[in-house]
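Throughout, a chain's letter reflects where its sequence line sits, starting with A, and its residues are numbered from 1.
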Amino acid sequence: MAKDGITPRSEDYAQWYLDIVRGADLADYAEVVRGCIVFKPTGYALWEAIQSGLDQRIKATGHQNAYFPLLIPKSFLMKEAEHVEGFAPEVAEVTHAGGEKLAEPYVVRPTSETIIGYFYAKWVHSWRDLPLLINQWANVMRWEMRTRPFLRTTEFLWQEGHTVHASEKDAERETLLILHEVYADFVEKEMAIPVIRGRKTEKEQFAGALRSYAIEAMMQDGRALQAGTSHNLGQNFAKAFDIAYTDQKNQLQHAWTTSWGVSTRLIGALIMAHSDDEGLVVPPRIAPLQVVVVPIFKTDSERLRVQEVMRCLTVEWQGRLRFKVDDRDQFSPGYKFNEWELKGVPVRVEIGPKDIDKGTVAVARRDVPGKPGKSFVPQRGLTEYLEGLLASIQQSLYGRALKFREEHTYEAGSYRELKDGVEKGFVRAYWAGTREDEDKIQEETGATIRVIPLEQPPERGKCVYTGKEASQMVVFARAY
RNA sequence: CGGGGAGUGGCUCAGCCUGGUAGAGCACCUGGUUCGGGACCAGGGGGUCGGAGGUUCAAAUCCUCUCUCCCCGACCA
């Protein structure tokens, strides 16, 4: 174990992840409630930053927020055959309330297609009511067998969009709009995590969907993490809940619905995409705190001088930088340096007596940990310098993650190469196999087809498993 | 749910095998000296050993049950 009790990534990646969660004070285990966590203030602030970036995009694409009940009549869940099958094993049920057994049990929502479907059936009558574009920010509960902080918890927070459209084409356009303009755009631009946009195979798609799409990101251990999904539900739920409208020709038509979601799992993605053995690394654009200032002084008169300079410098930052002055005097500067590195604040500014004499400050960038990332910068023009530095850190983190993914992506022409590749990262391979073939591969290698990328090579190839001619290239990986 | 590991001051862990009534380091509190990469000295407070039951004169220690966490696997945002 290194200092701070952070296990190096190279030694034990899973333990490293847990050490970061604990060290950066993101979450606590809710040990009295199985599989749940407490989002501590630092962790919750990350979620709020994620929420804000997504919410903006969700609204910019024409959606409105609403909120539906946490409890869903159990019978609702049963109405869509594949949906029940997919979710039944993991729902929690409320059987008693008010001291009595309920006539019909409720389930705690694992996702809200059914309850929202019920209301949409009441709200949609005419083609003029469409599209209906609603999003909800909510908590959901899934009784998973194995949980890990953020990546998979029994209760988690997410947003789920639920829309209704007049035609398959409209629903498909919506599904892809969300994938590109909301999810991929947010995760790449704000979280600095490159993603592969693609379609899910039948094996991996949402229970009850016609087609599922996802963005997949690579973590630093080469495994894939699904960072967001968008589903074209076809008419499955519209038929199950009788969501229908009268079209321009006065014909009654079943509508087409979509649903799409991202969850607090994104916090796990953030950790595993950028952090290092020193602690958490947060991209500046979503960092709740972008700059921390550590004043340095020995005597009272030095303290006053430092405080004065600090005040002059930071007054300009209001509204331009999210910053904090760490003026706790019970900790030494060295301690603070390490603590803020552990917590992932992108930039640290140190101001001490020597700086005041020279008219400089020390600036340390988190993406280059320790002394190598530290330099002395003139006080004049500091705000602009910091803004530029934050942008450059954002760029650098994205670039680094993209380079990592490229270096850990392999082309496989044979099953042997596929097996080897998924040990180390993503494998791109031609595919013409069946669902059964995919099951078999998962059994043998632990890997699944993460996505069928939307961007396909122009030429056809030979299926990595069956040897048949294949028209599509897929990405295999072991997944979280 | 199957296999493995672990629950002892806030944290990391020793003690358990060979029962005798709990210990270290860090953290915390007080005072002083420190402060540009995790400061030091002195003094001090804090745990009934995950929970329940059992064996025993006596249980952190032995037995049974149970809960929780971690790792691997199957399932999944």
Side-chain angles (χ1 to χ4, degrees), chain A residues 1-5 7 12-15 17-19 21-23 25 28-37 85-90 110-111 140-160 183 200 203-207 212 214-216 225-231 259-269 278-279 294-299 302-303 306 328-342 348-356 358 360-362 364 369-374 376 439 442-443 446 448 478-480:
Chain A
M1 288 247 259
K3 59 182 187 215
D4 304 319
T7 306
D12 183 343
Y13 193 82
Q15 189 57 48
Y17 175 81
L18 295 166
D19 290 344
V21 170
R22 179 183 43 73
D25 206 28
D28 198 359
Y29 291 105
E31 54 253 311
V32 288
V33 189
R34 179 190 200 129
C36 290
I37 60 169
E85 206 184 312
F87 284 100
E90 52 190 58
T111 178
V140 288
M141 180 163 274
R142 296 181 188 175
W143 216 258
E144 300 290 353
M145 289 176 182
R146 183 173 160 202
T147 58
R148 307 182 69 187
F150 299 119
L151 295 173
R152 179 163 304 104
T153 47
T154 300
E155 180 187 6
F156 57 95
L157 308 180
W158 77 346
Q159 61 65 218
E160 47 178 326
Y183 293 162
K200 286 286 179 184
K203 171 178 165 63
E204 296 286 320
Q205 81 182 14
F206 179 75
S212 286
I215 52 172
E216 292 279 332
L225 187 137
Q226 178 174 300
T229 46
S230 185
H231 316 287
S259 70
W260 27 276
V262 306
S263 71
T264 36
R265 164 179 256 203
L266 276 183
I267 297 171
E278 311 303 315
V294 178
I296 293 154
F297 50 80
K298 293 189 178 77
T299 62
E302 279 176 355
R303 175 204 289 255
V306 167
R328 298 173 297 175
D329 20 77
Q330 66 267 40
F331 297 110
S332 69
Y335 180 91
K336 293 175 183 175
F337 298 168
N338 285 285
E339 176 173 302
W340 291 114
E341 245 163 48
L342 182 57
R348 182 182 69 246
V349 171
E350 305 164 19
I351 306 177
K354 291 181 212 164
D355 292 304
I356 293 176
K358 293 186 294 182
T360 60
V361 296
K371 281 187 174 161
K374 196 147 126 175
F376 291 89
D439 286 339
Q442 179 174 18
E443 225 170 87
T448 48
R478 299 201 294 137
Y480 275 99

Original post:
On RNA chain B, nearest-nucleotide positions of L18(A) versus F150(A): which is more 5'?
Top reply: L18(A)
**OP:** Please confirm whether any donor atom in the side chain of R146(A) sits under 3.5 Å from an acceptor in the base of G2(B), or the reverse.
**Re:** no
Subject >> C1' atoms of G73(B) and C17(B), separation to the nearest Å >> reply: 32 Å
Original post:
Going by 5.5 Å between centroids and 30° between planes, is there a stack of F156(A) over A77(B)?
Top reply: yes
Original post:
Roughly how far apart, to the nearest Å, are G20(B) and G4(B) at atom P?
Top reply: 29 Å
Subject >> Between P of A74(B) and CE of M145(A), the distance in whole Å >> reply: 12 Å
**OP:** For side-chain hydrogen bond (donor to acceptor under 3.5 Å, both in side chains), just list the numbers for D12(A) and T7(A), CA-CA rounded to whole Å, side-chain angles, deciding distance to a tenth of an Å, and then say yes or no.
**Re:** CA-CA 7 Å; D12(A) 183 343; T7(A) 306; over 6 Å; no
Original post:
Hey, which of these two, G86(A) or T299(A), hits RNA chain B nearer its 5' end, going by closest nucleotide?
Top reply: T299(A)
**OP:** Fit a plane to each ring of Y335(A) and F331(A), take the angle between them on a 0 to 90° scale, and name the class: parallel (under 30°), tilted (30 to 60°) or perpendicular (over 60°).
**Re:** parallel
Subject >> Rounded distance in Å between the P positions of U61(B) and U48(B) >> reply: 15 Å
Subject >> Spacing of the P atoms in A77(B) and U12(B) (rounded, Å) >> reply: 32 Å
Original post:
What integer number of Å spans the C1' atoms of A39(B) and C26(B)?
Top reply: 14 Å
**OP:** Compare every heavy atom of T229(A) with every heavy atom of Y183(A), then report the nearest pair and how far apart it is.
**Re:** CE1-O, 3.4 Å
Subject >> Identified pairing partner of C16(B), criterion: Watson-Crick or G-U wobble below 3.5 Å >> reply: none
Original post:
Is D329(A) touching bases, backbone alone, or none of the nucleic acid, heavy atoms closer than 4.0 Å?
Top reply: nothing
Subject >> side chain to side chain contact (heavy atoms under 4.5 Å, CB included) against R303(A), all qualifying residues, sequence neighbours excluded >> reply: F297(A), D300(A), Q307(A), D329(A)
**OP:** Take atom P in A59(B) and the same atom in A14(B), then report the distance between them in whole Å.
**Re:** 24 Å
Subject >> Assigned partner base of U56(B), Watson-Crick or wobble definition, under 3.5 Å >> reply: none
Original post:
Looking at the side chain of E341(A), which of C28(B), G37(B), C70(B) is the nearest nucleotide?
Top reply: G37(B)
Original post:
Is any side-chain N of the basic residue among R348(A) and E350(A) closer than 4.0 Å to the acidic one's carboxylate O?
Top reply: yes
**OP:** Among the candidates C75(B), G37(B), A74(B), find the nucleotide nearest to the side-chain atoms of Q442(A).
**Re:** C75(B)
Original post:
When you measure from the side chain of R348(A), which nucleotide among G73(B), G37(B), G36(B) comes out closest?
Top reply: G37(B)
Original post:
Considering Watson-Crick and G-U wobble pairs with both distances under 3.5 Å, what does G47(B) pair with?
Top reply: none
**OP:** Pick base, sugar-phosphate or nothing for T448(A), based on heavy-atom distances below 4.0 Å to the nucleic acid.
**Re:** nothing
**OP:** Record whether the side chain of K336(A) comes under 3.5 Å of the base of G37(B) through a donor-acceptor pair of N or O atoms.
**Re:** no
Subject >> Whole-Å C1' distance, U8(B) and G15(B) >> reply: 9 Å
**OP:** Quick one: look up who A42(B) pairs with, Watson-Crick or G-U, both distances under 3.5 Å, and put none if it's unpaired.
**Re:** U30(B)
**OP:** Can you tell me, in whole Å, how much space there is between the C1' of C49(B) and that of A60(B)?
**Re:** 4 Å
Original post:
What does E144(A) touch in the nucleic acid at a heavy-atom separation under 4.0 angstrom: a base, only the sugar-phosphate, or nothing?
Top reply: base
